[in-house]
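Keep in mind that the numbers below use all heavy atoms, side chains included, and drop hydrogens, waters and symmetry copies. Whatever order the structure lists ligands and atoms in, that order sets their numbers, starting from 1.
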Amino acid sequence: MNEAAEALARAAAAGIHCLAIPTPFQVGTVNTYLIEDEPLTLLDSGPNSGTALDALESAIAGHGHRIEDLELIIVSHQHMDHLGLVSILARRSGAQVAALDALAPWAARYDEGMEADDSFAASVMTEHGIPEDIRLALLAVSQSYRNWGASATVTQPLAPGSDLKLRDRTLRVLHRPGHSPSDTIFHDAQRRIVLGADHLIGHISSNPLISRPLAAPLDVPPPERPHALETYMSSLRATRAMEDVELILPGHGDPVTDHVTLIDERFRMHARRADKIHRLLDEQPLTAFEIAQSLWGTVAVTQAYLTLSEVLGHADLLIADGRIAEQREDGVVRFAAAS
Ligand SMILES: [Zn+2]
């Protein structure tokens, strides 16, 4: 048995079954997890589509259960591939819905939240030199994707640091923002297993997307852009320091069996990327969009917000270290090497 199969078998022996559900996104399938306990629990749902619902239904049937049998649905974070089907599943089963307390108001007003997130993203893109045609194209894509998610009513808000008790296990609720503001992981210290969702993924580095803070009012843009990568790295440090962890079950791809080594690799990667950006700025001041273009070429156009978030995250690290400075002229920000 290879390492991934072994890890999944270990999870299954603990009553946790990985169900990979198709998504229309580049990331491929999303991992949801059926936890055979009392209450019968599902972590994450897959996107809001008939294809995903069919796949989930037959995967659950493969373990001898029906959607109607679900009693608790846990949401790991606000992204649509994790949240999309929650309300359909809850309606069909009558299951309770548990999620981070701070996510509950956002999930209840999903459409307004997404609208406000989009206009926030547009203002960040303008400020960092993304031309209007690219910005409008991206917003159109985001709007066409919106219905892969849906609003959800959280009936069991979870406080960070609290315990979610099932009959046979206790899951410690840990807030790990960075990839999104609501990232929550669930730690079963007794079994040394973490349900980690998108906080730490083995085969790809989780994107620290710049997102509107959950608590921000819907009608007023937040005064300052959040420092997503710095937030993410401090979340990674907290996870790295965790004991009683042998297995992290992620939201995409294979289980993570050595989280300390993987997190150290991520830190090295981010340090290398920050150095590279610093070298570019040694030659001349650049906008974040210009930096993204010179690092990733056309991907900086097709994935403009993602790559912009990457650059800004690293710029934040360099600013914090005093290696670069931010200059603002006519509403556009340029970064320059500190003299
Ligand atoms: Zn995500």
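Using a cut-off of 2.8 Å, one finds that His82 contributes no N/O/S atom close to the Zn ion (ligand 1).
Taking the six-membered ring for Trp and the full ring otherwise, the centers of His252 and His82 sit less than 6.0 Å from each other. Less than 6.0 angstrom separates the ring centroid of His79 from the ring centroid of His77.
In the displayed structure, Glu3 atom CD is contacted under 6.0 Å by at most 12 heavy atoms of other residues, nucleotides or ligands.
With the Zn ion (ligand 1) as the vertex, ND1 (His79) and NE2 (His179) define an angle of 90°, rounded to 10°. Around the Zn ion (ligand 1), the angle linking Asp198 (OD2) with His77 (NE2) is 90°, rounded to 10 degrees.
Residues Thr32 and Gly46 approach most closely at CG2-N, 3.7 Å, considering heavy atoms.
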